[in-house]
Amino acid sequence: MSTTKQVDPAAAAELFILQDQVHEPMHDRFLWATMQRRDAEAAAIPEWEELRELASKIKEHTLTHLGDYLEEFEANATKRGAHVHWAIDANEHNAIVHAILADHGVKELIKSKSMLQEECQMTPFLERRGVKVIESDLGERIQQLDGQPPSHIVFPAIHKTRQDVAQVFARTIGTDPHNDDPHFLTEVMRNNARPRFLAAGAGMTGGNFAIAETGTFMVCTNEGNADIGASVPPLHIASIGIEKLIPRVEDMGVFLRLLARSAEGAPLTQYTSHFTGPRKDGELHIVLVDNGRSRRLGMPDFWHSLKCIRCGACMNTCPVYRRSGGLAYGATYSGPIGVILDPTFDEFKYSELPFHSTLCGSCSDVCPVKIDISDQILGWRRVMAKKGYLPLAKRLSFAVAGHVFGHPEEYHALESVAEPAVDYAPHFLLYDRSLNPWGRDRELPQLAKQTFREWYLANRSKHADV
Amino acid sequence: VATQTSATMQKTISKSMRIGLFIPCFIDLIYPEVGIAALELLEKFGLNVEYPLDQTCCGQPMSNSGDEVNSAPAEHLFVETFPWAEFHHSVALHNSCSSVRGLGIAKPSEIMGVPFDKTADLLTKVKGLVLVPVDRPDDCCGFGGTFCVTDEAVSARMGLEKAHDHLRHGAEYVVSPDMSCLMHQQGIARRAGLDLKYVHLAQVLNGGPFQ
C-alpha cells in the first residue's frame, strides 16, 4: 500500500464547480460540442461500428502476441538505424533519456506532448539534473508555464478560459494581461517557442502507434510542433509505451480513421508523421517503456485497458468529467480512462477514483477500440471494496443494509418506522450538508401514506388474509 | 446487445405464464403509485401477475459500489422469489442510462446505426401526449445510485442542467422508465423552484394513479 494520501475527486470537482459561473459551464459546453462533432463524423462513416470492432480485435491480437511484435519492431527499427532502448519502469526511462542527453552534452530539450513522459515524471527528473525542458504543444506549454499538469490527454489546458491564458502569459512572458484575443495569444506562444526550437540540442516526442513490420512509429499532432522538434535539433528521442504496437502498416488505415474523429471530431489530425529510422545526419533513439504495462496485461479483468489509443473521447462524453475538470482526478490520466488506469499505479492513492462515475456507460459506447471502461470501473469498485478502501460511511451502512435486505421480516419491520422517522427528524439532520448530502441541492422525496406492499395486501383479495 | 435482441424477438407473452412483479424498495416506500400503475397495466393485458411478498431491495446500492459481499443477500432473495390512457401534456422523455446502455431500449447516441427508442414509441401511442425534443436526450442526469450523495456537487450540477434542458424545451412533465433518476431530478427541480412534474412511464401508459 502506498503511504501517499488518497486523492478526493468529489471534493476537488466541487471546487471546480463552485469557483465561479464561468469555468465549469465553459468546460462542459466545449467538450459537449466536441462530442457532437465526433458523433457527426462517426455517423458519416457507414462502417463505423465495424471499424471499432476491427480496431479492438487488432489490439487484442497484438497484446496477446506482444513479445513477438516488440522484438519484430526492435529488429526493424534497428535495421533502419534507430537505437532501441528498453525501460522496465519510469526511473529507468528517465535515466536512459538523461544518459543519451548527457552523452550528447544537451542542456536544453524541446518536446511535444507525451502522456507517457508525464506518467514517468520525466521533466522534473531532467530539470533536477540541469536539463532545461520546454513543452512545444500550445496547451502543454500553457500548463507548464502555469506549473500545472495537463487536465486532458488531448486538450491539456481545456479547463482554462482565454482570460486565464492571458493572465498566465502576462505573468510568465510579460504580455498584456487584458489582451485575450486567441490569435494574439497564439502568436505570443509562437514567437516565444521559435527560438527554443533553434536552441534545443534534442527534440523529444511520444508515439501514437509503433508498427512492428517496418520499425516505424507515428506521431499525430495538430500544431506540427512534434515535426519541428524532431527535424531541427540533430537528436530525436521518442518514448513509446509497449502497448502502442500494431502489427502492419495496413492496420494504420483502421486506427487513423478512428483516432481524430473520436478525439476531436475531425477526419484526421493536421499532421500524421511517420518516423522510420533517423533522418540524414541525425540520430534517433526509441525508448520502449513498460512501467506496469506487463503487470496490467496479466490482470484478467483489466488488461483490455491496454488497447487505449489515448483519443480522450471517453473524457469528452463523460458527464462527470465535463463537470469536474481533469485536475480533480489528481492523477496523470483523468476521466473514465484515468479511473481504470490510475489504480494500476497505486491502488490506495487512487481508490476513490472508481466512485467518481455514475456508471452511465457512455465511455464504453464511445471508445474507438471498445474497451469495457464502465465494466472496469465497477470492477475497480469491487477491488476497493475487498481491500477495505470503501469510504467509511458507505462501509458501515452497507454492512447493516446487506443483512437487512437479505431478511424480509427485518426489512419490513424497519420500513414501518421509516416514515415516522422522516416526519419527525429535525430539519438540520435532513438538510445538513455533511450529514445528508442528498438534501444540499435537492428536496427530499415525501414518503407515501401507504406503501405499495400495504396497498397490494388490501387490494388483491387472495392476499387479503396474509 | 444480446438483451435487446432477445427482448425484440419475444413478440408475445403467454397468458398462462406467471409473472413475478419486482417493486424496488424506494418505489414501495415513496412512489407506490408507480407500482400500482405497473401492476394494473400488466393486468389490463390479461397477464397473470403476482407480487411475491418476500422481497426487499435489489441490492443495487451495495453492488454498484463494488460491495458484492453485502449485496449478495438481497440478490439471492431476488433470484429465489422472482421469476390506459390520455395525457394532454408536453412531455420530455428521460430514458435512463441503465435502460439505454444496459438494456438496449433505445439507441445510445454514441453508437452509430438506425435510431430507435422503444419508450418514445410507447408514448407516441398515448392520446394528447406531445413529446418535446431536448438537447441532450441520453446524457446522464447524475443520479448514479450512491454517486448522488458521495459525489453530491457533480451529481446536483448534472441534475440541474438536465432540468433546465427539459424546461427550455417547454416540457410540463418528465417521463422515464426509471423512477430513481426521477427521484433525483424531482428533488433538484423542487429545490430550484422549477415548474416540472415527474411521472413514471407506467403511470402514463396506465392512465394513473398519479398520487
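Here is the naming used below: chain letters follow the sequence lines, and residue numbers restart at 1 for every chain. Values below: every heavy atom of this structure, side chains too, minus hydrogens, waters and symmetry copies.
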Taking the side chain as C-beta and beyond, is there a heavy-atom pair between [X] and [Y] under 4.5 Å?
X: B:Q186; Y: A:E443; result: no
X: B:I30; Y: A:Q446; result: no
X: B:F147; Y: A:V320; result: yes
X: A:E49; Y: B:I111; result: yes
X: B:N64; Y: A:L359; result: yes
X: A:D441; Y: B:R157; result: no
X: B:P32; Y: A:Y456; result: no

Rounded to the nearest 0.5 Å, how far apart are [atom1] of [X] and [atom2] of [Y]?
X: B:R191; Y: A:R442; atom1: CZ; atom2: CZ; result: 10.0 Å
X: B:S155; Y: A:E14; atom1: OG; atom2: CD; result: 11.5 Å
X: A:R381; Y: B:D67; atom1: CZ; atom2: CG; result: 12.0 Å
X: A:L447; Y: B:F26; atom1: CG; atom2: CZ; result: 12.5 Å
X: A:T317; Y: B:E110; atom1: OG1; atom2: CD; result: 4.5 Å

Looking at A:A13, A:G361, A:S362, which one has more heavy-atom pairs under 4.5 Å with chain B than the rest?
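Of the options given, most contacts go to A:S362.
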Could you tell me which of A:F16, A:W48, A:W32 has the largest number of non-hydrogen atom pairs under 4.5 Å with chain B?
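Greatest number of close heavy-atom pairs with chain B: A:W32.
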Using a cut-off of under 4.5 Å for heavy-atom pairs, which of B:E33, B:M183, B:R136, B:M158 has the most such pairs with chain A?
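Max contact count across the listed options: B:R136.
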Polar contact flag, side-chain donor to acceptor under 3.5 angstrom, B:R101-A:S374
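Not at all, the side chains of B:R101 and A:S374 share no donor-acceptor pair under 3.5 Å.
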Do [Y] and [X] meet the salt-bridge criterion of a basic N to acidic O distance under 4.0 Å?
X: B:E43; Y: A:R460; result: yes
X: A:R322; Y: B:D139; result: yes
X: A:R323; Y: B:D151; result: no

Take atom CG in B:D195; do more than 12 heavy atoms of anything else shown fall under 6.0 Å from it?
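No, the 6.0 Å shell around CG holds no more than 12 heavy atoms from other groups.
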Would you find more than 12 non-hydrogen atoms of other residues, nucleotides or ligands less than 6.0 Å from A:E53 atom CD?
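Result for CD/A:E53: enclosed.
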If you compare all heavy atoms of [X] against all heavy atoms of [Y], which two are closest, and at what distance to 0.1 Å?
X: A:F355; Y: B:S65; value: CE2-O, 3.2 Å
X: A:A385; Y: B:G66; value: CB-O, 3.3 Å
X: A:I17; Y: B:A153; value: CD1-O, 3.6 Å
X: B:C140; Y: A:T358; value: SG-OG1, 3.1 Å

Taking the six-membered ring for Trp and the full ring for Phe, Tyr or His, determine whether the centres of B:Y51 and A:F452 are under 6.0 Å apart.
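Under 6.0 Å, so yes.
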Can you check side-chain contact (heavy atoms from CB on, under 4.5 Å) on A:N459 and B:I36, steps first, answer last?
CA-CA 10 Å; A:N459 288 279; B:I36 296 168; over 6 Å; no
Against chain A, label [X] side chain, backbone, both or neither, depending on which of its atoms sit under 4.5 Å from a heavy atom there.
X: B:S96; value: neither
X: B:E161; value: side chain
X: B:L39; value: side chain

Given heavy-atom pairs under 4.5 angstrom as the criterion, report whether the side chain, backbone, both or neither of A:S357 touches chain B.
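Only the backbone of A:S357 comes within 4.5 Å of chain B.
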With under 30° as parallel and over 60° as perpendicular, where do the rings of B:F143 and A:W438 fit, or are they tilted in between?
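Perpendicular.
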